[in-house]
Amino acid sequence: MAQSAFSLEFPDGTVREFDAGTTGKDVAEGISKSLAKKSVAISLNGELMDLAEPIASSGKIEIVTRTDDRALELIRHDCAHVLAEAVQELWPDTKVTIGPVIENGFYYDFDRAEPFTPEDLETIEKKMRQIIARNDPFTKQVWSRDDAKAHFEKMGETYKVELIDAIDADQNLNIYHQGEWHDLCLGPHGPSTGNVGNAFKLMSVAGAYWRGDSDNQMLSRIYGTAWADEKQLKNYLFMLEEAQKRDHRKLGREMDLFHFQEEGPGVVFWHANGWKVFQGLTNYMRRRLEEHGYDEVNAPQILDKALWQTSGHWDWYRENMFTTVTEDDRQFAIKPMNCPGHVQIFKNGLRSYRELPIKMAEFGNVHRYEPSGALHGLMRVRGFTQDDAHVFCTAEQLEAECLRINDLILTTYSDFGFGDIVVKLSTRPEKRVGTEEGWDRAESIMQKVLDKIEADSDGRIRTELNPGEGAFYGPKFEYVLRDAIGRDWQCGTTQVDFALPERFGAFYIDQNSEKQEPVMVHRAICGSMERFIGILIEHFAGHFPLWLAPVQAVVATITTEAEEYGQKVVDTLKAAGMRVQSDFRNEKINYKVREHSLAKVPAIIAIGAREAEEGTVSIRRLGSKHQTNMTLQEAVESLTEEAIAPDLKRKRDSG
RNA sequence: GCUGUUGUAGCUCAGGGGUAGAGCACUUCAUUGGUAAUGAAGAGGUCGGGUGUUCAAAUCACCUCAACAGCACCA
C-alpha cells in the first residue's frame, strides 16, 4: 500500500513535505542530530506518538524532548513497564495486569500469591535500575487480536486475556517489547528503557481490586513516582514531607484541638481549643446565613423508621444508618441527613407562594455508619455536622436562588483564603427518578447558571461538566477548592431535588389557590464542619488567622517582677475581647517561646522589667524570628483589628 | 468491607519466652533567665482486648478491637 507524501507544520510555522513511511525519528534527524538524540516522542496534532512510528497523516508536529512536560507521561509509563519486567524477572510466576500513569507517578497491579514486602520494593528497584541500564529499545509490534489472545493464554497471563476479550474481534493490538519482555499496551513509549532515567522511586504496596470492582479478586499494587530529573523527584518527596507535617491528625494533637479513641471509631472528641475553632467557624457561618436570609432550625436527632422509608433512605442506605429498637419494639434511626426533618417543618402548616423562597438552615449533626476502611481523621467520620440548608422555592425562582447560593459559597471560600475554585455540574445518572422533561428543565437552568458563574468570575472560577454524575434525585453543582499546597477538596454542593417534596407530599398554595409542589434545593458550603476544619488545619498548616485561632495570644513573663504588669496586659486584652492566656511560669523566655510556637499560638507577648517600666509590650508573631515593641494601647488596637472576622470587616468597611 | 502493616508510659520509640527501658512531657527543688529546650531529683506503663500453648507470655498461636496506607464506598 503506497502511501502518498504528507506535510507537517512545525511550531515555527514552516511546513515541509515528507515521503510516506517517514518516522518521527527521521523528521527529528532531518532537523539536527542533537535534536534527534534528545527527542523521546513526537506530538502530532496534540497527540503523542512513538518516534519509530511511521507518520500516517499530515498535521502539526512537535518534537518532544525528554525535558518536555509531555515526556513525563512517557517516562512514567515506561517506568511502569520496567517495573513489571523487573517483577516478572524476579518472580516469574507473577501475573501482570495493568500499569497506568497517575498524578505524580504510576502503578502496576500484579497477581502474586505472596504479598510484596517493603524489602521486596528495594530488590525490585535494584532490578529496575539494571533494566534501565540495559537501555533496551521499546519496539512496537501489531498483532491480530486472536494471535495476541492465544499468545497470552499460552503464557498463562489470564488478566491480559481478559483485557483482550473486551476488545473488538477485528481490532489489532499493540505489543510493546523491551529486551526479552513484552506487554499488551496502547502506547506510546519512549525510545528505550534508558529513557526512564534515575529519578524514580517505588513508594508503597497496597491491595487493589481487579478492574476496580470490589466483587473481583484483590491484586497487589505497587505505586511508584517518576520524574524527568533528580531535582523534580526531590521536590516531590519534599512536598510529601510538607504534607505530612501539615497532617491535621498530628497538628490536632499538638495544638490540643481534638482526639479520637478506640471506643468511638469515627467520632470526634473536641477539646476546648478545637471547639473554639469549631464555634468560630459556626458563628461565622451563622452570620453569613443571616446576611443571606436563611432561618436556622433544628430537627430531631432520632426519628421513626417510617419517615426514612418515606424519604427512601431506608431502602437505599439502611446499612449505613445507625438504628435502634426500643423496649416496645419501635424502630428508630439516628438521622443520616437533615432533609426529611426540614420537609416536616415545611409541611407543618399551610404554605403560601408569598412565603417562598423559604431558606431553612441547620448545623445538622448527622451520623452515618461509614465503612471502617473509609475513616480518616476529621476528613471522613461517622458523626459530623453539616452546614446544611434547604431552599424551597418555585421553579421560576430556581435560577436566582442557585446564583445567590453560588455567591455565598464563593465569598465564604475567599474569606478563608481559597481563591482557586472549580465548579462542576453533574448531570442525570443512569439510575434516577423524575421525568425526562424535569431533568431537561433543571439541567438547562443549571447550565445557564454555570455559564453565568464562569462569566461573572473574571476567569477566576473554572467550570466543568460531570456527565452522569448527578444524584438520583436531581442535578448538582460541586464546588472544589484548592488548598495552599495544591490539593483539591470537594466541599460545597448545590443539589436540585425532584423526589423529596413529592415523596413527602409537600406543597404550597399558588396565586390561583392551587396546590403546587415546591422545588427543593439542598446546599452545603463547608459540607462537613469537621472535615472543613481538617482542611483548614492543613491549608494553614496550623497557623490559623487571628480571628479563628483558639488561643490568639499568650502573655509570657520574663521575670517574676513583671507578673503584675503581665496580668494587666492579659486583663486589658481580654477586656478588648481577645482570647489570651498567661504564662507566668518560672521558665526561661526561650522555653516559653518554643513551647507556644510549637502550639501555633499566633502572638507571643513577652513581658520583662523593661516593658513593665515603659508600659509597652514585645510581640513575636508566629513564624517570625523577630519581635516588635509597642505600647499596650497600640497592641490592643492592632490585635483587635486583626482579629475581626473577614465578613464583619467587610460589613464595617462597606458602611 | 477488602489487601497489607501496626498497636509497649501523655508523645516519639527501643526491647523481646523467665515477671518492662530511653528521650521529651509531668511533679518537686534550685535557678529570675530577654525570644525555639537551665540543672538536679522524683513519679508514671503489665506491654490494645480475649482465649490458648507453656513450669513460665509483653514476647508464640488463634480470635477480636482500633489505627495507618491503598482499594471499594461516600445519599
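Protein chains get the first letters and strands the later ones, always in sequence-line order, with residue 1 at the start of each.
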Novice: Apply salt bridge (charged side-chain N to carboxylate O under 4.0 Å, His left out) to A:E125 and A:K127, showing your working.
Specialist: CA-CA 5 Å; A:E125 240 186 73; A:K127 180 61 79 181; over 6 Å; no

Novice: In whole angstrom, give me the gap between the P atoms of B:A75 and B:C13.
Specialist: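 Here B:A75 and B:C13 have their P atoms 35 Å from each other.
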
Novice: In whole angstrom, give me the gap between the C1' atoms of B:C11 and B:C26.
Specialist: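 Their C1' atoms lie roughly 12 Å apart.
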
Novice: Does A:F116 have its ring centroid less than 6.0 Å away from the ring centroid of A:F110?
Specialist: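 Distance test on ring centres: under 6.0 Å, yes.
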
Novice: Within the 4.0 Å heavy-atom criterion, would you say A:A606 contacts the bases, only the backbone, or no part of the nucleic acid?
Specialist: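 Counting heavy atoms under 4.0 Å across all strands, the contact made by A:A606 includes a base.
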
Novice: Angle between ring planes, A:F392 versus A:H390, binned at 30° and 60°: parallel, tilted or perpendicular?
Specialist: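 Rings of A:F392 and A:H390: tilted, as their planes differ by 30° to 60°.
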
Novice: If the cut-off is 4.0 Å, is A:Y209 near the phosphate of B:G1, judged by side-chain N/O to OP1 or OP2?
Specialist: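 So the side chain of A:Y209 is outside the cut-off, no N or O lying under 4.0 Å from OP1 or OP2 of B:G1.
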
Novice: With a cut-off of less than 4.0 Å, is there a side-chain N or O of A:R249 near OP1 or OP2 of B:A69?
Specialist: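 So the side-chain polar atoms of A:R249 do come within 4.0 Å of the phosphate oxygens OP1 or OP2 of B:A69, strictly under.
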
Novice: Using the P atom on both, measure B:C47 against B:G18 and round to a whole Å.
Specialist: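 It comes out at 16 Å once rounded to the nearest Å.
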
Novice: Nearest to the side chain of A:A374, heavy atoms from C-beta on, is which of B:C73, B:C68, B:A75?
Specialist: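 Nearest to the side-chain atoms of A:A374, counting from C-beta on, is B:C73.
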
Novice: Checking A:R523 against A:Y294: charged group under 6.0 Å from the ring centre and within 45 degrees of the axis?
Specialist: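 So A:R523 does make the cation-pi contact.
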
Novice: When all nucleic acid strands are considered with a 4.0 Å heavy-atom cut-off, which category describes A:N320: base, sugar-phosphate, or nothing?
Specialist: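 Result for A:N320 = base.
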
Novice: Should stems be defined as at least three consecutive Watson-Crick or G-U pairs with both distances under 3.5 angstrom, which of them involve RNA chain B?
Specialist: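 Only these stems qualify: B:1-7 with B:65-71, B:10-13 with B:21-24, B:26-30 with B:38-42, B:48-52 with B:60-64.
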
Novice: Mapping A:Q495 and A:G623 to their closest nucleotides on RNA chain B, which lands nearer the 5' end?
Specialist: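 Upstream on the strand: A:G623.
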
Novice: Check every strand shown and say whether A:Y591 touches a base, only sugar-phosphate, or nothing at a heavy-atom separation below 4.0 Å.
Specialist: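 Sugar-phosphate: the residue A:Y591, judged by heavy atoms under 4.0 Å, touches backbone atoms but no base.
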
Novice: Is the A:F269 to A:F258 ring centre distance short of 6.0 Å?
Specialist: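 Here the rings of A:F258 and A:F269 have centres that are no less than 6.0 Å from each other.
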
Novice: Does A:R76 qualify as a cation-pi partner of A:W227, given the criterion of NZ or CZ under 6.0 Å from the six-membered ring centre and within 45 degrees of its axis?
Specialist: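 Yes, A:R76 and A:W227 form such a contact.
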
Novice: Identify which nucleotide among B:G70, B:G1, B:A36 has an atom closest to any side-chain atom of A:S372, counting heavy atoms from C-beta outward.
Specialist: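 Given the options B:G70, B:G1, B:A36, the side chain of A:S372 is closest to B:G1.
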
Novice: Check the distance between B:U38's P and A:N590's CG and give it to me in whole angstrom.
Specialist: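 Roughly 6 Å, once rounded to whole Å.
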
Novice: Give the nucleotide from the list B:A67, B:A72, B:A69 with an atom nearest to the side chain of A:P371.
Specialist: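 Nucleotide nearest to A:P371's side chain: B:A72.
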
Novice: Indicate whether OP1 or OP2 belonging to B:A69 is found under 4.0 Å from a side-chain N or O atom of A:H376.
Specialist: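 The answer is yes; a side-chain N or O of A:H376 sits under 4.0 Å from OP1 or OP2.
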
Novice: A:T559 has a side chain; which of B:G33, B:A75, B:U38 sits nearest to it?
Specialist: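 The closest nucleotide is B:G33.
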
Novice: Checking A:E254 against A:K250 for the salt bridge (charged side-chain N to carboxylate O under 4.0 Å, His left out) test, could you report, in this order, the C-alpha distance in whole Å, the side-chain angles of both residues, the deciding distance, and whether it holds?
Specialist: CA-CA 6 Å; A:E254 289 170 2; A:K250 181 171 168 281; 3.4 Å; yes

Novice: What integer number of Å spans the P atoms of B:A56 and B:G45?
Specialist: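 Result for the P pair: 26 Å, nearest Å.
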
Novice: Quick one: label A:G212 by what it contacts on the DNA or RNA (base, sugar-phosphate, nothing), any heavy atom closer than 4.0 Å.
Specialist: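 Sugar-phosphate contact only.
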
Novice: Roughly how far apart, to the nearest Å, are B:A57 and B:G48 at atom P?
Specialist: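 My reading of the P atoms in B:A57 and B:G48 gives 16 Å.
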
Novice: Assign each of A:M337 and A:G373 to its nearest nucleotide of RNA chain B by heavy atoms, then name whichever residue's nucleotide is nearer the 5' end.
Specialist: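 This one resolves to A:G373.
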
Novice: Quick check with a 6.0 Å cut-off and a 45 degree axis cone: is A:R482 positioned over the face of A:F418's six-membered ring?
Specialist: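 No.
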
Novice: side-chain contact (heavy atoms from CB on, under 4.5 Å) with A:H248: which of A:H376, A:R531, A:H539?
Specialist: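 Filter result, single survivor: A:H376.
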
Novice: Between the protein and nucleotides 3-12 of chain B, are there any N/O to N/O pairs under 3.5 Å, and if so, what are the atom names and distances?
Specialist:
residue: B:U12; atom: OP1; partner: A:R253; partner atom: NH2; Å: 3.3

Novice: Report the distance from atom CZ of A:R382 to atom C1' of B:G1, rounded to the nearest whole Å.
Specialist: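 Nearest whole value for this atom pair: 10 Å.
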
Novice: Using the P atom on both, measure B:U6 against B:C74 and round to a whole Å.
Specialist: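 Comparing P positions in B:U6 and B:C74 gives a spacing of 31 Å.
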
Novice: Going by heavy atoms in the side chains, are A:I605 and A:V554 under 4.5 Å from each other?
Specialist: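 The answer is no; the side chains never approach within 4.5 Å.
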
Novice: Checking contacts here: which listed nucleotide (B:U38, B:U32, B:A36) is nearest the side-chain heavy atoms of A:E587?
Specialist: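 The listed nucleotide nearest to A:E587's side chain is B:U38.
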
Novice: From the set B:A67, B:G33, B:A37, return the single nucleotide nearest to any side-chain atom of A:K588.
Specialist: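 Of the options given, the side chain of A:K588 lies nearest B:G33.
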
Novice: Could you tell me how far B:G17 sits from B:U54 if I compare only their C1' atoms? Round to whole Å.
Specialist: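 So the two C1' atoms sit 9 Å from each other.
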
Novice: Which nucleotide wins on minimum distance to the side chain of A:L375, given the candidates B:A67, B:A75, B:A72?
Specialist: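 Comparing B:A67, B:A75, B:A72 against the side chain of A:L375, the answer is B:A67.
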
Novice: What's the NE2-P distance between A:H390 and B:A75, to the nearest Å?
Specialist: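 Taking atom P of B:A75 as the reference, NE2 of A:H390 is at 14 Å.
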
Novice: Using a cut-off of strictly less than 4.0 Å between a heavy atom of the residue and any atom of RNA chain B, enumerate the qualifying residues of residues 611-619 of chain A by number.
Specialist: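 Here the set is A:E611, A:S618.
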
Novice: Rounded to the nearest 0.5 Å, what separation is found between the CZ atom of A:F106 and the SG atom of A:C79?
Specialist: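 Separation between the atoms: 3.5 Å.
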
Novice: Could you state the atom-to-atom distance from CD1 of A:I102 to C1' of B:G70 in whole Å?
Specialist: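 Computing the A:I102:CD1 to B:G70:C1' distance gives 10 Å.
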
Novice: Just to be sure I understand the rule, does A:A556 reach a base, reach only the sugar-phosphate, or reach nothing, if contact means heavy atoms closer than 4.0 Å?
Specialist: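 No contact.
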
Novice: Looking at side-chain heavy atoms only, is the closest gap between A:V521 and A:L398 below 4.5 Å?
Specialist: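 SC-SC contact between A:V521 and A:L398 confirmed.
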
Novice: Tell me whether the NZ or CZ atom of A:R221 lies within the 45° cone about the ring axis of A:Y107 and under 6.0 Å from its centre.
Specialist: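 Satisfied, under 6.0 Å and within 45°.
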
Novice: Nearest to the side chain of A:R380 - B:C73, B:A67, B:U32?
Specialist: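 Minimum distance to the A:R380 side chain belongs to B:C73.
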
Novice: Mind checking if A:R531 touches a base, just sugar-phosphate, or nothing, with heavy atoms under 4.0 Å?
Specialist: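 Nothing: the residue A:R531, judged by heavy atoms under 4.0 Å, touches no strand.
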
Novice: Less than 6.0 angstrom from the centroid, inside 45 degrees of the normal: does A:K95 satisfy that with respect to the ring of A:W210?
Specialist: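 The answer is no, since A:K95 fails at least one limit relative to A:W210.
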
Novice: Of all the nucleotides listed (B:A25, B:A75, B:A72), which has the minimum atom distance to the side chain of A:P336?
Specialist: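 Taking heavy atoms from C-beta onward, the closest nucleotide is B:A75.
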
Novice: Using a 4.0 Å heavy-atom cut-off, does A:Y473 contact any base of the nucleic acid, only the sugar-phosphate backbone, or nothing at all?
Specialist: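 Sugar-phosphate, no base atom in range.
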
